[in-house]
Amino acid sequence: MKIMWKALFTVTLLSVSAASSAENSNLTIENCHLGEIRSQVKCGKLVVPENYQQHDGAKISINFAVLPAIDNSEYKTPLMFLAGGPGQAAVELATGLNRIFSEVRKTRDIILVDQRGTGESSALSCDLEDEESVYAVIASEINEQDVKNCIAQFKGDISQFNSENAIRDFDEVRKALGHKKVNIYGGSYGTRAGLVYMRMFPESLDTAVLDSVGPIEVPIGMFGQSGARSFRLLLENCQKSESCHQAFPNLAQEFQAVKARLAKEPVTIDIQHPRLGTPSKFVLDEVKFTGNLRFQLYGVEGRSMVPLVIHQAYLGNYQPLIGLIARTEGEQIVYTGLLFNIVCNEDIPRVSEQMRQADADNNFDGKTSHLAWDVICPLFPSYRPSQEFYQSVTANVPTLILSGDLDPVTPPSNGDYSAKTLPNSHHIVVKNASHTVAMSTCASDIINEFLTSRDPKALDESCLDDVPEESFMTSVNGIQ
């Protein structure tokens, strides 16, 4: 049976002159249409060295897109987007980013670059996924040989598909497009990439926005304590809500009861596949139950349904959980080959046994978030960054740091970490928001203001006071 890697990991997102094309034979760019964006945009490829220490060696093509400013009469420094994951392809997110950063795009180009190993930049992916496996497979059944077979399909030297080379690619795209400087927005892992950019090429940056920070000092992958914190806040907010408390007065106890029941014996349910409509087996164990709940904690919409899902599971009705899984089933969230290649080499080797045990000491999902790393990382070819890579970033680039107080993977304490060593930064913790704040609040407007003022400590943050408190579905009829 094929194994769906991503089911094991719930993390874990121009102004082009003719001269720039003519002067760089490695650059191609043309008009195109992307996703649901109605206007014409630019699509490009830039050929770069696979290994920047061997410029005459193998080459790879970096895919990018430019969403041109609506009003380009007054040139303003573009905004470059650094996607999350690691493993998201920025160009594939074009439709959503065009909507979220619509105010920015009125006067600035938005540059989207597929990080090497994603999208159309030599993606590290293979046909490993059974269409129905997210319902049928439980995590303990992972097949090591399937993983090895997948890795064997990757082309090139995958040790070169690391964070620092990705940033070299991003800066090469900036230069090829003829921009002296860019602003950068990084979300989730994109903040790690942004911090590396700030250290390697500070002279290329006008400003930086780090949304839901993954500091270099904090290894990616240990999500036990942050997930438990986020879930505890959900329980507290449910108790504060009169309707939620009335509907689910024993929610914490019911959650633990379902966990214990599934740990003792997984359940198998005959269902119709929500997307394919074919008969399927829904196999649910404790790991799949808590893993899917943790994924819902990323956004306020998913969080609103968690109490109802838990309560119905406690009553033996798993249909609401099946419905939640169906919302994301079949989506290509991340290119898992790049995800494991980076985290298994740049982060997990820094995790001591003491850190691992401390992270697993929680009453939400224990060490569930470690499972994928424990099984898959030993199978991946290894490389190691230099010790310099792990040093704190101290660049004097104007930096706006955003954190969602409810975030299950990059809590506000992560933002504090980076703020301590960035002298020209300001950290905003947004109450009632979860992962990647700009995607669900007015923070995108604050970002637009920041790109012009370049002063992170003099922004109008008042709109964030209107972010509503959490609300919860208390029945299948909706939020009450």
Side-chain angles (χ1 to χ4, degrees), residues 1-12 85-87 128-130 133-151 188-189 214 218-231 255-256 258-267 282-298 321 324-325 328-329 333-380 382 408-410:
M1 176 177 289
K2 299 295 185 181
I3 297 298
M4 191 173 191
W5 295 14
K6 64 186 180 186
L8 305 178
F9 187 81
T10 50
V11 279
T12 89
L128 189 65
E129 298 166 353
D130 186 304
S133 62
V134 68
Y135 297 99
V137 177
I138 57 178
S140 58
E141 294 176 342
I142 187 169
N143 186 321
E144 293 186 4
Q145 190 57 51
D146 280 342
V147 178
K148 291 178 181 176
N149 291 343
C150 179
I151 294 171
S188 194
Y189 164 78
V218 179
I220 295 172
M222 297 296 105
F223 301 134
Q225 290 297 334
S226 56
R229 174 185 177 278
S230 177
F231 185 65
F255 169 71
Q256 295 298 336
V258 176
K259 272 183 55 180
R261 193 165 70 204
L262 294 173
K264 185 177 181 181
E265 184 176 7
V267 298
F282 177 51
V283 183
L284 180 66
D285 66 354
E286 178 194 9
V287 171
K288 188 179 287 186
F289 176 64
T290 57
N292 277 289
L293 290 187
R294 181 157 54 86
F295 187 68
Q296 303 306 323
L297 300 179
Y298 277 62
L321 179 62
L324 279 186
I325 295 174
T328 56
E329 195 278 333
I333 300 175
V334 295
Y335 287 81
T336 44
L338 183 71
L339 184 154
F340 286 106
N341 189 51
I342 286 183
V343 178
C344 291
N345 284 296
E346 298 181 6
D347 291 278
I348 297 302
R350 289 190 295 153
V351 178
S352 66
E353 186 55 33
Q354 184 179 15
M355 293 166 64
R356 186 183 298 270
Q357 291 182 12
D359 189 65
D361 184 19
N362 68 81
N363 63 0
F364 175 56
D365 64 354
K367 61 179 180 181
T368 296
S369 65
H370 307 174
L371 176 64
W373 318 122
D374 291 345
V375 175
I376 294 176
C377 284
L379 307 176
F380 254 78
S382 63
V409 285
T410 54

Once you round to the nearest 0.5 Å, how far does OH of Y189 lie from CG of L338? 7.0 Å
For V351 and M222, the nearest pair of non-hydrogen atoms, with its separation, is CG1-SD, 3.8 Å
List the steps and the verdict of side-chain contact (heavy atoms from CB on, under 4.5 Å) for L324 and N292. CA-CA 8 Å; L324 279 186; N292 277 289; over 6 Å; no
Return yes if some donor-acceptor pair links the side-chain N/O of Q256 with the main-chain N/O of N363 below 3.5 Å, else return no. yes
Residue that, paired with F380, satisfies side chain to side chain contact (heavy atoms under 4.5 Å, CB included) out of V343, I342, N341, I348: N341
CZ on F282 to CG on L321, rounded to 0.5 Å: 4.5 Å
Closest approach of S369 to G224 (non-hydrogen atoms, all atoms of both residues): OG-N, 3.5 Å
Do K288 side-chain atoms and V283 backbone N/O form a donor-acceptor pair below 3.5 Å? yes
Within this structure, what is the OG-CG distance for the pair S226 and L297, rounded to the nearest 0.5 Å? 10.0 Å
Would you check, one step at a time, whether the test side-chain contact (heavy atoms from CB on, under 4.5 Å) holds for K259 with L293? CA-CA 11 Å; K259 272 183 55 180; L293 290 187; over 6 Å; no
F255 and F364 aromatic ring geometry - parallel, tilted or perpendicular at 30°/60° bounds: parallel
Apply side-chain contact (heavy atoms from CB on, under 4.5 Å) to the pair F295 and I325, showing each step before the final yes or no. CA-CA 10 Å; F295 187 68; I325 295 174; over 6 Å; no
Any side-chain heavy-atom pair from P219 and M355 closer than 4.5 angstrom? yes
Count the heavy atoms belonging to other residues, nucleotides or ligands that lie under 6.0 Å from CD of Q354, then report whether that count exceeds 12. no
Donor-acceptor contact present, side-chain D285 to main-chain P266, <3.5 Å: no
I'd like to check D347 versus W373 (side-chain heavy atoms, cut-off strictly below 4.5 Å). Are they in contact? no
Nearest atoms (heavy-atom pairs only) where Q225 meets D359: N-OD1, 3.1 Å
How close do S230 and P408 get, counting heavy atoms only, and between which atoms? CB-CA, 3.6 Å
Would you compute the distance between atom CZ of R261 and atom CD of E286 and round it to the nearest 0.5 angstrom? 12.5 Å
Return the minimal non-hydrogen interatomic distance between F289 and L284, and the atom names on each side. N-CD1, 3.7 Å
Might you point out which heavy atoms bring T410 and G214 nearest each other, and give the distance in Å? CG2-N, 4.4 Å
Report the C-alpha distance between T336 and C150 in whole Å, list the side-chain angles of each, state the deciding distance to 0.1 Å, and finish with yes or no for side-chain contact (heavy atoms from CB on, under 4.5 Å). CA-CA 11 Å; T336 44; C150 179; over 6 Å; no
More than 12 non-hydrogen atoms from neighbouring residues, nucleotides or ligands closer than 6.0 Å to CD on Q145, yes or no? yes
